[in-house]
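In this text, all values refer to a predicted model and were calculated from it rather than measured experimentally. Only heavy atoms go into these numbers, but all of them, side chains included; no hydrogens, no water, no symmetry mates.
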Amino acid sequence: MAHRTVFFVSDQTGVTAETVGHSLLTQFDGVEFSQVTLPFVDTLDKARKVAEKIDRVGREEGLRPIVFVSIIQDEVRAPLMACDALVLDFFQAFLAPLEAELEAKSSHTLGRAHGMFDTKGYNLRIDATNFAMAADDGHASPTTYRQADLILIGVSRSGKTPTCLYLALQYGVFAANYPLAEEDLESGELPASLEPYRRKLYGLTISPERLRQIRLERRSVGRYASTQQVSYELRAAEALFKRYAVPYIDTTHSSIEEIASTILDQTGVERRVRS
């Protein structure tokens, strides 16, 4: 398998460069990528040192590195553009066409994408994250459920908590979650505490094989991770979803990003923040 070194270089956290870069790299199955993230390259001196590192790696490996650059200041970006590498500059690719279309110059302000520029949005994401943690695994009062934008339900270890936290951190969505207990599954009835909030419910399911693997890593003894128990819980949960017309998604082969986007698309819950 071919091997290439990839650098994500940013004047801030590197999240933008990583996110877009990863999306592009996943299209190449026959190449193994060694990925290096270099955030906060916000001075000319730092940029020169990074450029030297990139060139050194290229000489050692005998192949040009691939560099995704997200740096707003032209003078800081310049040493990286001169590297002996394939340099993909997000601002150069998109900002100039936008300036031409809008007939306006961009502010070239550092840190607007992921910094504290949008204080209101940042505080909302923090509040939503605190809410998700307080309303985790059914630890919620009726008042909490009234405040929730979404209530995720499913069996233990089906992905409810990480999805709630992602929705909170990324979009400022107030998401609670409720784990379906054995008594819920045996009765086939929607838990009484959830009954008034049917329109907020969304279910998560997963393949028995994947769920058993996850549970074995957490607790390998007892019937918690047994094939019979896992299969029973999933069948009962999906039957409950169908009985009460609760929309649901199979999370087996989906990333957190895909799960969250699917939920928001299907429920119509608004993204309060676009980070």
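Using cut-offs of 30° and 60° for the angle between ring planes, the Phe68 and Phe8 rings count as parallel.
With hydrogens and angles left out, the side-chain atoms of His253 and Glu258 include no donor and acceptor closer than 3.5 Å.
Taken from CG in Leu211 to CG in Leu216, the straight-line distance is 9.5 Å, to the nearest 0.5 Å. From Tyr232, atom OH reaches atom CZ of Arg223 across 9.0 Å, with rounding to the nearest 0.5 Å. Atom CZ of Phe241 sits about 8.0 Å away from atom OH of Tyr248, to the nearest 0.5 Å. Going from atom OH of Tyr202 over to atom CD1 of Ile259 covers 9.5 Å, rounded to the nearest 0.5 Å. How far CD of Gln229 is from CG of Leu185: 8.5 Å, rounded to the nearest 0.5 Å. With rounding to the nearest 0.5 Å, the separation of CD1 in Ile256 from OG in Ser261 is 11.0 Å.
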Task: side chain to side chain contact (heavy atoms under 4.5 Å, CB included) between Ile263 and Val269, worked out - done: CA-CA 8 Å; Ile263 291 171; Val269 169; over 6 Å; no

TODO: Decide yes or no on side chain to side chain contact (heavy atoms under 4.5 Å, CB included) for Leu80 and Ile71, but give the supporting numbers first.
DONE: CA-CA 10 Å; Leu80 297 164; Ile71 294 178; 3.4 Å; yes

Open item on the list: Could you go through Tyr244 and Leu201, starting from their C-alpha distance and side-chain angles, then the distance that decides it, and tell me whether this counts as side chain to side chain contact (heavy atoms under 4.5 Å, CB included)?
Closed with: CA-CA 10 Å; Tyr244 289 92; Leu201 301 181; over 6 Å; no

TODO: Show the numbers, then the answer: is there a side chain to side chain donor-acceptor pair (under 3.5 Å) between Gln228 and Ser226?
DONE: CA-CA 5 Å; Gln228 182 179 6; Ser226 70; 5.7 Å; no

Task: Evaluation steps, side chain to side chain donor-acceptor pair (under 3.5 Å), between Asp250 and Thr205 - done: CA-CA 5 Å; Asp250 186 328; Thr205 189; 5.7 Å; no

- [ ] Check the pair Asn177 / Ile151 against side chain to side chain contact (heavy atoms under 4.5 Å, CB included), numbers first and verdict last.
- [x] CA-CA 5 Å; Asn177 83 72; Ile151 304 170; 6.0 Å; no

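Closest non-hydrogen pair, Tyr224 versus Arg157, comes out as OH-CG, 2.9 Å. Residue Tyr166 comes nearest to Tyr171 through the heavy atom pair CE2-CE1, 4.0 Å, listed as atom of the first residue, atom of the second, then distance. Contact detail for Ser70 and Phe90: the closest heavy-atom pair is CB-CD1, 4.1 Å. Counting all heavy atoms, side chain and backbone alike, Pro39 lies closest to Gly14 at CB-N, 4.4 Å. For the residue pair Ala51 and Pro79, the shortest heavy atom distance occurs at CB-O, 3.7 Å. In plain terms, the two heavy atoms of Pro247 and Gln266 that are nearest each other are CB-OE1, 4.5 Å.
Between Arg198 and Glu195 there is a salt bridge, since at least one side-chain N of the basic residue sits less than 4.0 Å from a carboxylate O of the acidic one. Under a 4.0 Å N-O distance rule, the pair Lys46/Asp42 qualifies as a salt bridge. A salt bridge does not link Arg59 to Asp84: none of the charged side-chain nitrogens sits closer than 4.0 Å to a carboxylate oxygen. For Asp74 and Arg77, the salt-bridge test passes: some basic side-chain N is under 4.0 Å from an acidic carboxylate O. Look at Glu238 and Arg243 and you find no salt bridge, because none of the NZ, NE, NH1 or NH2 atoms lies under 4.0 Å from a carboxylate O. By the 4.0 Å N-to-carboxylate-O rule, Arg215 lies close enough to Glu233 to be salt-bridged with it.
Phe174 has its side chain within reach of Leu124: a pair of non-hydrogen atoms, C-beta onward, lies under 4.5 Å apart. With contacts defined as side-chain heavy-atom distances shorter than 4.5 Å, the pair Leu204/Ile249 qualifies. No side-chain heavy atom of Phe7 sits less than 4.5 Å from a side-chain heavy atom of Gln35. Between Lys160 and Ser158, the closest side-chain pair of non-hydrogen atoms falls below 4.5 Å. The closest side-chain heavy-atom distance from Phe40 to Thr13 is below 4.5 Å. Between Thr267 and Arg199, the closest side-chain pair of non-hydrogen atoms is not below 4.5 Å. For the pair Asp136 and Phe131, the minimum side-chain heavy-atom distance is 4.5 Å or more. Side-chain contact between Arg212 and Thr227 is present, with at least one heavy-atom pair separated by less than 4.5 Å.
Looking at Val9, Val50, Asp89, Leu88 one by one, the single match for side-chain contact (heavy atoms from CB on, under 4.5 Å) with Val67 turns out to be Val9. Of the candidates Ile72, Val41, Thr43, Ile72 is the only one forming a side-chain contact (heavy atoms from CB on, under 4.5 Å) with Asp11.
Cation-pi check for Arg4 over Phe33 is not met; the charged atom does not lie both under 6.0 angstrom from the ring centroid and within 45 degrees of its normal.
Between the side chain of Thr251 and the backbone N or O of Ser254 there is no donor-acceptor pair closer than 3.5 Å. Here the side chain of Thr129 pairs a donor or acceptor atom with the backbone of Arg125 at under 3.5 angstrom. In this structure, the side chain of Asp184 does not engage the main chain of Pro191 through any donor-acceptor pair within 3.5 Å. A side-chain donor-acceptor contact under 3.5 Å links Thr252 to the backbone of Ser207.
Linking ILVMFWY side-chain heavy atoms closer than 4.5 Å, directly or via other members, places Leu165 and Leu264 in two distinct hydrophobic clusters. Note on Val87: it does not cluster hydrophobically with Val6, by side-chain heavy-atom contacts below 4.5 Å among ILVMFWY residues. Note: the hydrophobic cluster containing Ile153 also contains Ile206 (ILVMFWY, side chain heavy atoms under 4.5 Å, direct or indirect links). Two different hydrophobic clusters hold Ile66 and Ile54 under the rule that ILVMFWY side chains link at heavy-atom gaps under 4.5 Å. Hydrophobic clustering (ILVMFWY, side-chain heavy atoms < 4.5 Å, transitive): Val20 and Leu38 are in distinct clusters.
Within 6.0 Å of CD on Glu101 lie no more than 12 heavy atoms contributed by other residues, nucleotides or ligands.
Annotation: side chain to side chain contact (heavy atoms under 4.5 Å, CB included) contacts of Glu52 (sequence neighbours excluded): none.
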